[in-house]
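In what follows, chains are A, B, ... by sequence order, proteins preceding strands, each numbered from 1. All values below were derived from every heavy atom in this structure, side-chain atoms included, with hydrogens, water molecules and symmetry-related copies excluded. Predicted, not measured: the structure shown is a model, and the values here were computed from it.
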Amino acid sequence: MSSRIGGGAEPMSAALGSTRRDKIDELAARAGQVPEGGGGVSLARSAFRRLRRNPVAILGAVIVVAFLLVAALAPSLAPRDPLEQALLSEVRQGSIPGSRDGFPLGVDQLGRDVLSRLIYGSRQSLLIGVVSTVLGAVVGMALGVLAGAFGGWVDTVVMRFVDILLSIPGLLMAISISVLLGQNQYALMIAIAVTQVPVFARLLRGSMLSQRDSDYALAAKALGVKRSRIVLGHVLPNSLSPVIVQATLSLATAIIEAAALSFLGLGDPDISRPEWGAMLSSAQAVLSFAPQLAVYPALCIIVVALGFTLLGESLREALDPKFRR
Amino acid sequence: MLRFIVRRLLQLIPILLGLSVLLFAWLRALPGGPAQAALGERATPDDIARYNETFGLDQPVLVQYGKFLGRALQLDFGTSSRTGQAVTTEFLERFPGTLELTVFAMVFAIGVGIPVGYLAARRHGSWIDSSSVIGSLLGVAIPVFFLAYLLRLLFAVQLGWLPGSGRQDVRIDATHITNFFVLDGLLTREFDAAWDALLHLVLPGIALGTIPLAIIVRITRASVLDVVNEDYVRTANAKGLATATVRRRHIIRNALLPVSTTIGLQTGLLLSGAVLTETVFAFGGVGSALRDAIANRDYALLQGFILILAVVYVLVNLLVDISYGLLDPRVRVR
């Protein structure tokens, strides 16, 4: 791995997971590279221009926008009340009514309209995804800024802590925290957020380190700008692009992880909030005769996760100075 | 090289200490604390008081931590409140299964992933390429347990081609020496038993191997694409080396460096991440035990297993680092 450009400022990197860390650092360093011949177009604008030309990005964006719209307009889109057990009387042991007039995707084992539940479920998935990602990103970034801005022993302490967090595989960490906090949707969000914290912290720190020695930071320093201002006003904004990419990708991970925790019985126990992960897990009991109940929510999760991944990956390419034209 | 390894080993110490602090704090932060965790939810206040006294939980936190550390170093993580067995024993019984599953999954992921990724890169822009990209994106987006259920439903329940649960047919009365069922079968020359155990690995192995497969395809493809444009490949071609030689000695060799890191990293993750797959297939490895522990609030087992698995993960990563240092001399110089 020759690309230890920016992240290599750390003399003794600990043994653990240095591969995973290297990957994060590499991304961070790459964002710090100065584009050749920018031609006077801002990075954001040129990135947007490239995004628009990329069909993959458009596909991702369309999926994400559709998902957001469905979540926002759920009450007017859903044909029925997602909690109403409309066809409960027709649910038998071993048979669940399929699609019919008024119930385009059929009902679940409690006689509730699947389509409406999927539509409402998008809200919960969006909420869990956004809240946990934002929470993870904010805490992670705070740690990253702390380490990147102060350096020295603060950097060492923060980064050791981050390394320890990285040494616990994500799902195990989420499980531990869910068990600790009990079963509710906030615990779920926090559990997922904590798994994201070290990634964001490391990413932002690496990115800031590669920006810290740039000419503009030096110029600002020479002009006598206060350190806090250099960090918050100059270095930080220029270090954000890998964080934005990571946040987009994290939304996908968060939604999948929420489903996994639901499956393990650590999800949100409140049945008044339909959620894809919970729908998927509860469908397992009836999988042999009503597989559609698992397939629909799974498809929703896959499509939405794919949408965020496509958007995130194209964003990464668009923001990467290497590809800049 | 030796210095490199020793330095890496030394760097493990703070990480492991940090881990132990986190898990120590975790157990104390649980509702009811460690006594409840050890005695189960039906423990009476009297029991808890007695337990606290016996295990010194009424002493200062630092002393307690020291004791916890001492016990952890002797691999004593208490007893599972569900089975009443020592957590370490439980782990040792179950880990071979997970290890077997992980090996199978990684063999599948590597065996399919590297050729597909290589082919995709060689035919850059072809349908093979685009479908490998789409496939690898899908592989990461599918919730593992859903995939596992689909595989089980299709190949085990509907078609009946492969076993869909457990590690071995219950009717087979095999002797187990190592708890690696496949290996046991071979050692005792009960080849039927070995074959049966192997068949039991297929479906969970494929489910578990899907994410690493997707990642390996992606990395191999990207890495081969990077390497074919390197100067040394052009030089090798220019000096008239046979295409096969260039491919083998120059392209594949260099392209597989980043892939090897990914493989190691994913192996570490699988060893700990089989919770979902094992649960679906009732596999009886570490993952299923974790899932049972969650359902039964078996805190001692959870804590012990998570700590051991985290250490395993750290050690696997260390091995990856060292092997990477062996493969790529540039890494050692740092």
Identify, with sequence neighbours excluded, every residue that meets ring-ring contact (aromatic ring centres under 6.0 Å, His included) alongside A:F263. B:F145
Under 4.5 Å heavy-atom distance to chain A, tell me which part of B:L153 shows up: side chain, backbone, both or neither. side chain
Atom OH of residue position A:Y186 - does it have more than 12 heavy atoms of other residues, nucleotides or ligands inside 6.0 Å? no
Min side-chain heavy-atom separation B:I306-A:P169 under 4.5 Å: no
If you tally heavy-atom pairs under 4.5 Å between each of A:T253, A:L264, A:I256 and chain B, the highest tally belongs to A:L264
Can you tell which of A:I255, A:L280, A:I301 has the highest number of heavy-atom pairs within less than 4.5 Å of chain B? A:L280
Chain A contact via B:L19 - which portion, at a heavy-atom distance below 4.5 Å: both
Under the side chain to side chain contact (heavy atoms under 4.5 Å, CB included) test, which residues partner B:L137, sequence neighbours left out? A:L306, A:T309, A:L310, B:V133, B:R218
The interface call for A:E257 against chain B, heavy-atom contacts under 4.5 Å, is neither
Nearest 0.5 angstrom please: B:L22 CG to A:M173 CE, how far? 7.5 Å
Please classify the contact between A:V303 and chain B as side chain, backbone, both or neither, with a heavy-atom cut-off of under 4.5 Å. neither
Of all of B:L10, B:I294, B:T279, which one pairs up most often with chain A through heavy atoms under 4.5 Å apart? B:I294
Under 4.5 Å from any heavy atom of chain A, what part of B:I13 do you find: side chain, backbone, both or neither? neither
Residue part contacting chain A, namely of B:V140, when any heavy atom lies under 4.5 Å: backbone
In Å, rounded to the nearest 0.5 Å, how long is the span from CZ of B:F305 to OG of A:S176? 13.5 Å
More than 12 heavy atoms of other residues, nucleotides or ligands under 6.0 Å from OH of B:Y65: yes or no? yes
Less than 4.5 Å apart, any side-chain heavy atom of A:L171 and any of B:L276? yes
What I'd like to find out is whether the side chain of B:L23 reaches to under 4.5 Å of the side chain of A:I168, using heavy atoms alone. no
